[in-house]
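Note that the coordinates shown come from a computational prediction; the quantities given were computed from them, not determined experimentally.
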Amino acid sequence: MPVRAIHGVGKVTEQHFHNAGLRTIGDLQDYKGDLRALVGSWAPRLKQLAFGEDDRPIELGDDIKSISAEETFDRDTDDRAILRRCLREQAEEIAAKLKRKRLAARTVQIKVRYRNFSTVTRQISLQDLITESTQIYRLACYLLARDQLVTGPLRLLGTVYPGSPKTPFASSRYLGEWMLKRRKAM
């Protein structure tokens, strides 16, 4: 089976494995070197998954748990124009999926992975339902800026509708006021 069949292995990680001569799950199982050189701190978990050790519960049913869109960059980047374009495309993709499934979101989450493979997520929940890509995009940008998550080049950037809200509601009016102040400061 190809390494890409392992949960969490995307095209960029797959390419790193291919460059090291690792094409199948069997290759990963037999690999005697240190996988951390290829995938960072995720290596021990990846090795477990390669051997079929996965303690995540099996969930049956067709309930939508989340809708997400991620981009793993060919080269780590902190170029704001690239990151904004990426967030805009992800917001459009998520909004389209929400509309197809006749859903609306209250919570938007972003996921950032740095070059050392450390991952950070942030989310915000609103009282008002959102369905439009512009709303999702603005919230994603807000989260990146609020928590100053772009402190260096990013390996991955993702936007997620995580399903049911898990954080206290924020006021959409407060968010609008914050965005106006931010625009005036620029």
Side-chain angles (χ1 to χ4, degrees), residues 4 6-17 34-49 54-57 59 64-95 97-98 105-126 130 133-172 174-176 178-179 181-182 185-186:
R4 185 80 182 263
I6 296 175
H7 174 75
V9 174
K11 59 184 172 186
V12 172
T13 302
E14 178 184 42
Q15 189 58 50
H16 287 299
F17 287 143
D34 188 355
L35 284 176
R36 286 181 293 192
L38 300 173
V39 295
S41 61
W42 190 49
R45 178 74 179 130
L46 181 64
K47 195 77 163 182
Q48 287 176 326
L49 292 172
D54 189 352
D55 58 0
R56 291 177 299 150
E59 295 183 17
I64 296 171
K65 302 297 181 200
S66 67
I67 298 173
S68 64
E70 294 180 349
E71 176 72 27
T72 302
F73 302 109
D74 292 330
R75 292 178 183 226
D76 299 353
T77 185
D78 57 2
D79 182 310
R80 299 305 199 261
I82 292 172
L83 298 176
R84 281 192 299 269
R85 184 175 59 245
C86 179
L87 288 175
R88 189 172 288 110
E89 290 169 0
Q90 291 173 358
E92 289 169 0
E93 183 179 331
I94 290 171
K97 288 178 182 177
L98 286 170
R106 277 204 168 95
T107 302
V108 172
Q109 181 181 81
I110 60 165
K111 176 178 171 182
V112 172
R113 182 166 296 140
Y114 299 98
R115 67 171 33 148
N116 67 356
F117 286 92
S118 64
T119 303
V120 175
T121 59
R122 295 290 185 266
Q123 69 181 33
I124 187 168
S125 296
L126 302 172
I130 57 175
S133 63
T134 54
Q135 297 167 309
I136 296 168
Y137 170 71
R138 287 180 182 151
L139 286 169
C141 289
Y142 166 74
L143 289 169
L144 268 184
R146 181 191 72 184
D147 295 344
Q148 300 176 351
L149 297 178
V150 186
T151 57
L154 303 182
R155 176 164 298 227
L156 175 142
L157 180 60
T159 306
V160 181
Y161 155 67
S164 62
K166 293 182 171 89
T167 60
F169 290 142
S171 164
S172 57
Y174 168 78
L175 176 63
W178 181 88
M179 290 178 157
K181 286 178 189 173
R182 185 116 171 112
M186 292 179 152

Requested in this report: Identify, with sequence neighbours excluded, every residue that meets side-chain hydrogen bond (donor to acceptor under 3.5 Å, both in side chains) alongside D34.
Outcome: R36
Query - Set of residues satisfying side-chain hydrogen bond (donor to acceptor under 3.5 Å, both in side chains) with respect to E89, sequence neighbours excluded - result: none
Do the side chains of [Y] and [X] get nearer than 4.5 Å, heavy atoms only?
X: D76; Y: Y114; answer: no
X: R45; Y: D54; answer: yes
X: W42; Y: L35; answer: no
X: L157; Y: F73; answer: yes
X: V150; Y: R80; answer: yes
X: I110; Y: Y142; answer: no

Any chance you could measure [X], atom [atom1], to [Y], atom [atom2], to the nearest 0.5 Å?
X: I130; Y: L98; atom1: CD1; atom2: CG; result: 8.0 Å
X: S66; Y: Y161; atom1: OG; atom2: OH; result: 9.0 Å
X: R138; Y: S133; atom1: CZ; atom2: OG; result: 9.5 Å
X: L143; Y: T121; atom1: CG; atom2: OG1; result: 10.0 Å
X: I136; Y: R88; atom1: CD1; atom2: CZ; result: 13.5 Å
X: L154; Y: T77; atom1: CG; atom2: OG1; result: 7.5 Å

Minimum heavy-atom separation for [X] to [Y], with atom names?
X: D78; Y: G152; value: CB-O, 3.7 Å
X: R115; Y: R155; value: O-NH2, 3.4 Å
X: C86; Y: E71; value: SG-CB, 3.4 Å
X: V160; Y: S68; value: CG2-CB, 3.8 Å
X: I94; Y: A69; value: CD1-N, 4.2 Å

Donor-acceptor contacts, no H, no angles, side chain residues 7-16, under 3.5 Å, sequence neighbours left out:
unit_1 : atom_1 : unit_2 : atom_2 : d
H7     : NE2    : R56    : NH1    : 3.3
E14    : OE1    : R4     : NH1    : 3.3
Q15    : NE2    : N19    : OD1    : 2.9

Requested in this report: Give a yes or no on this: more than 12 heavy atoms of other residues, nucleotides or ligands lie within 6.0 Å of atom CG of N116.
Outcome: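 Yes, CG of N116 has more than 12 neighbouring heavy atoms, counting only those of other groups under 6.0 Å.
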Query raised in the report: Does the pair F17 and I6 meet the rule for a side-chain contact (heavy atoms from CB on, under 4.5 Å), with working shown?
Result: CA-CA 12 Å; F17 287 143; I6 296 175; over 6 Å; no
Looking at residues at least two apart in the chain, or sitting in another chain, which of them share a salt bridge (charged side-chain N to carboxylate O under 4.0 Å, His left out) with [X]?
X: D79; answer: none
X: K97; answer: E93
X: R85; answer: none

Requested in this report: Using atom types as modelled and distance alone, determine if a side-chain donor or acceptor of E70 lies under 3.5 Å from a backbone N or O of K111.
Outcome: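 Not confirmed, E70 side chain does not pair with K111 backbone.
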Query raised in the report: For I82, does its backbone N or O pair with a side-chain atom of R84 as donor and acceptor, under 3.5 Å?
Result: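 A pair under 3.5 Å: no.
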Query raised in the report: So among L156, L144, T119, which one has a side-chain contact (heavy atoms from CB on, under 4.5 Å) with V112?
Result: L144
